[in-house]
Number of protein chains: 2
Amino acid sequence: MNKRSGSESKKRILSAAVKVFSQYGYRGASMRLIAKTAAVSVGAVYLYFRNKEELYYTLIKNKLDDLDARTGEILRDMEDPEETMKNFIAMRLEHARRHREHILIQVKENGFTFGIKMKKDFFRHQREVVEKIIRKGIASGKFRKCDAEEVSKIIICTLRGFILSVVVEPDALFSPEECGSLILKGLLK
Amino acid sequence: MNKRSGSESKKRILSAAVKVFSQYGYRGASMRLIAKTAAVSVGAVYLYFRNKEELYYTLIKNKLDDLDARTGEILRDMEDPEETMKNFIAMRLEHARRHREHILIQVKENGFTFGIKMKKDFFRHQREVVEKIIRKGIASGKFRKCDAEEVSKIIICTLRGFILSVVVEPDALFSPEECGSLILKGLLK
DNA sequence: TCTGATCCTGAACGTTTGTTCATGTGAACC
DNA sequence: GGTTCACATGAACAAACGTTCAGGATCAGA
C-alpha cells in the first residue's frame, strides 16, 4: 500500500500534474493519468485536492507567486535602470527555461493571459514593473524620452515572444543578453 | 430536414469548427457542439470529414496555405528590403487580427509551433523568408551587417510575441508601424 | 493489544466523448 | 409512379471522463 507522509504525496501529485497538464493541456489531462504518474491511486488525488480545478489552480498559483517574489527582489535594489531591465529580462528568460512545463500549461490552456483573474493580475503587475523601470530610466536621463506605458506594453509583448520561443524551441539558442540588448537598443539614449 | 448543397454544408461545418476549436481547444471541442453550431446533425459532420482529426487538419491547412500565398506575394516584388520587411510584419499582424480564432486554435493546442509537421514546415519557411529579406538588405547596403540566420530567428520570435498579444489582448492597440519600426531600428544602418 | 487517526485503494456511478449506422427525405431522372 | 442518388438525421455503442465511497492498511499512543 506504500504508506507515505501526506505532504510528500501532495508534492508527488503536484509534480505529476505539472508533467501531465503541460503535455496534454487542462482538458486533455485525466485525473487517472496524473494519479498514475504520481504512483498513487485516483482516490489519493482527491484526498489532497477537492477536484481537478483546484489542483490546476494550486499549480499555477505556486509558480506565479514564485515569479512575483523574484520580480520583487530585482526591483528592490534598483540602482541602474539599464541594469535592472537587463536583470528582469534575464530572470524571466531563465525562469522560462527552467520551468518550461509551467509556461506550456499556461499557453495551452489559455493563450498566455486569458482566463482566471489571478493570471491577469500577474501580467498587469509585470507590465507595471517594466513601466516603473522605464520611468526611472527616463528620470535619471539614461533612457530616451518615450511613452512609458506604451513602450512597456511593447516590451512585455516582445518578452512574451522570447519566452514562448525559449519554451517551444529549446534548441534555438536565445541568450538573455541578446534579447536584452535588442530591447535596450531602442530604449537607450 | 433542411436540404442544402453539399459544399455549403461543408463550409458551415468548417466555419463552426473554427469557432468551437478556438474557444475550447482541440480536446475541449466536441463534435456535437460543432454540429450544433453549424446547425447540422452529428452524422452530417462525418459525411464531410472522416473524423475529428481530419476536420482539425483541414482547418489549419486552409489557413496556413492562405498565409503562405500572401507571404509569396510580398516576397515576389521585393525592391526595397526595408519596405518588404515592413510589409511582411504588417501583413502578419493584419492577418492575426483578422483571424484571431485561427491563431488561438494553434496556440491552445500546440503552443504555436509544436505538433504536426505541416506547421513546423510553415514556421521554418517563414523564418527563411525573413532571412532572405535580411540578406538582401545587407547586400544592398541598407541593413547593417549581422548574422542573418540568428537575427531572423530573433525577429520571428519577436513577431510571435506581437501576434500573440494582438490575439490575446485585442484592446491593447498595436500598430504594425510601431512594431515594424522597433524591429527595423536595430536592423537599419 | 486495542484504538483512533491518518493515509490509501480501486470498483462503481453518472456523464460525456468520438464514431457508426439504419433510416428518412427531397429532387431528378426514366 | 418508381427508382436512384445525394444529403441528412439522431439513437445507439464502447470508451473515457471526473468524482465518490465503502473499505483496507499502517502508524502512534494507550
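Each chain gets a letter, A, B and so on, in the order the sequences are listed, and its residues count up from 1. Values below: all heavy atoms of this structure, side chains included; hydrogens, waters and symmetry mates excluded.
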Thinking salt bridges, do Lys132(B) and Glu128(B) make one under a 4.0 Å N-O criterion? no
Here the pair of heavy atoms bringing Pro81(B) nearest to Ile133(B) is O-CG2, 3.6 Å
Check: [X] side chain, [Y] main-chain N or O, donor-acceptor pair, under 3.5 Å:
{"X": "Ser15(B)", "Y": "Lys11(B)", "answer": "no"}
{"X": "Lys10(A)", "Y": "Phe49(A)", "answer": "no"}
{"X": "Lys119(A)", "Y": "Ile60(A)", "answer": "no"}
{"X": "Lys153(A)", "Y": "Arg127(A)", "answer": "no"}

What pairs of donor and acceptor atoms, side-chain ones from residues 65-75 of chain B against any protein atom, are under 3.5 angstrom apart with sequence neighbours left out?
{"from": "Asp65(B)", "atom 1": "OD1", "to": "Lys61(B)", "atom 2": "NZ", "distance (Å)": "3.3"}
{"from": "Asp65(B)", "atom 1": "OD2", "to": "Lys61(B)", "atom 2": "NZ", "distance (Å)": "3.0"}
{"from": "Asp68(B)", "atom 1": "OD1", "to": "His125(B)", "atom 2": "ND1", "distance (Å)": "3.1"}
{"from": "Thr71(B)", "atom 1": "OG1", "to": "Leu67(B)", "atom 2": "O", "distance (Å)": "2.8"}
{"from": "Thr71(B)", "atom 1": "OG1", "to": "Gln126(B)", "atom 2": "NE2", "distance (Å)": "3.0"}

Short of 4.0 Å, heavy atom to strand atom, which residues of residues 16-28 of chain B count as contacting DNA chain C? none
Which residues, if any, of residues 46-53 of chain B bring a heavy atom under 4.0 Å of DNA chain C? Tyr46(B), Asn51(B), Lys52(B)
Does the side chain of Tyr48(A) reach to within under 4.5 Å of the side chain of Leu14(A), using non-hydrogen atoms? no
Is there side-chain contact between Lys136(B) and Thr84(B), with heavy atoms separated by less than 4.5 Å? no
Is Ala35(B) touching bases, backbone alone, or none of the nucleic acid, heavy atoms closer than 4.0 Å? nothing
For dA8(D) and Ser9(B) - does any side-chain N or O of the residue sit under 4.0 Å from the phosphate oxygens OP1/OP2? yes
In whole angstrom, what separates Lys10(A)'s NZ from dC8(C)'s C1'? 16 Å
Separation of atom CD1 in Ile34(A) from atom P in dA16(D), rounded to whole Å: 17 Å
Please list each protein N or O that sits under 3.5 Å from an N or O in nucleotides 10-15 of chain C, with the distance.
{"from": "dA12(C)", "atom 1": "N6", "to": "Arg32(A)", "atom 2": "NH2", "distance (Å)": "3.4"}

Residues passing the side chain to side chain contact (heavy atoms under 4.5 Å, CB included) test with Glu8(B), sequence neighbours excluded, are Arg4(B), Ser5(B), Arg12(B)
So salt bridge (charged side-chain N to carboxylate O under 4.0 Å, His left out) across residues 20-43 of chain A, not counting sequence neighbours, yields none
If you assign each of Met31(A) and Val40(B) to its closest nucleotide in DNA chain D, which residue comes earlier from the 5' end? Val40(B)
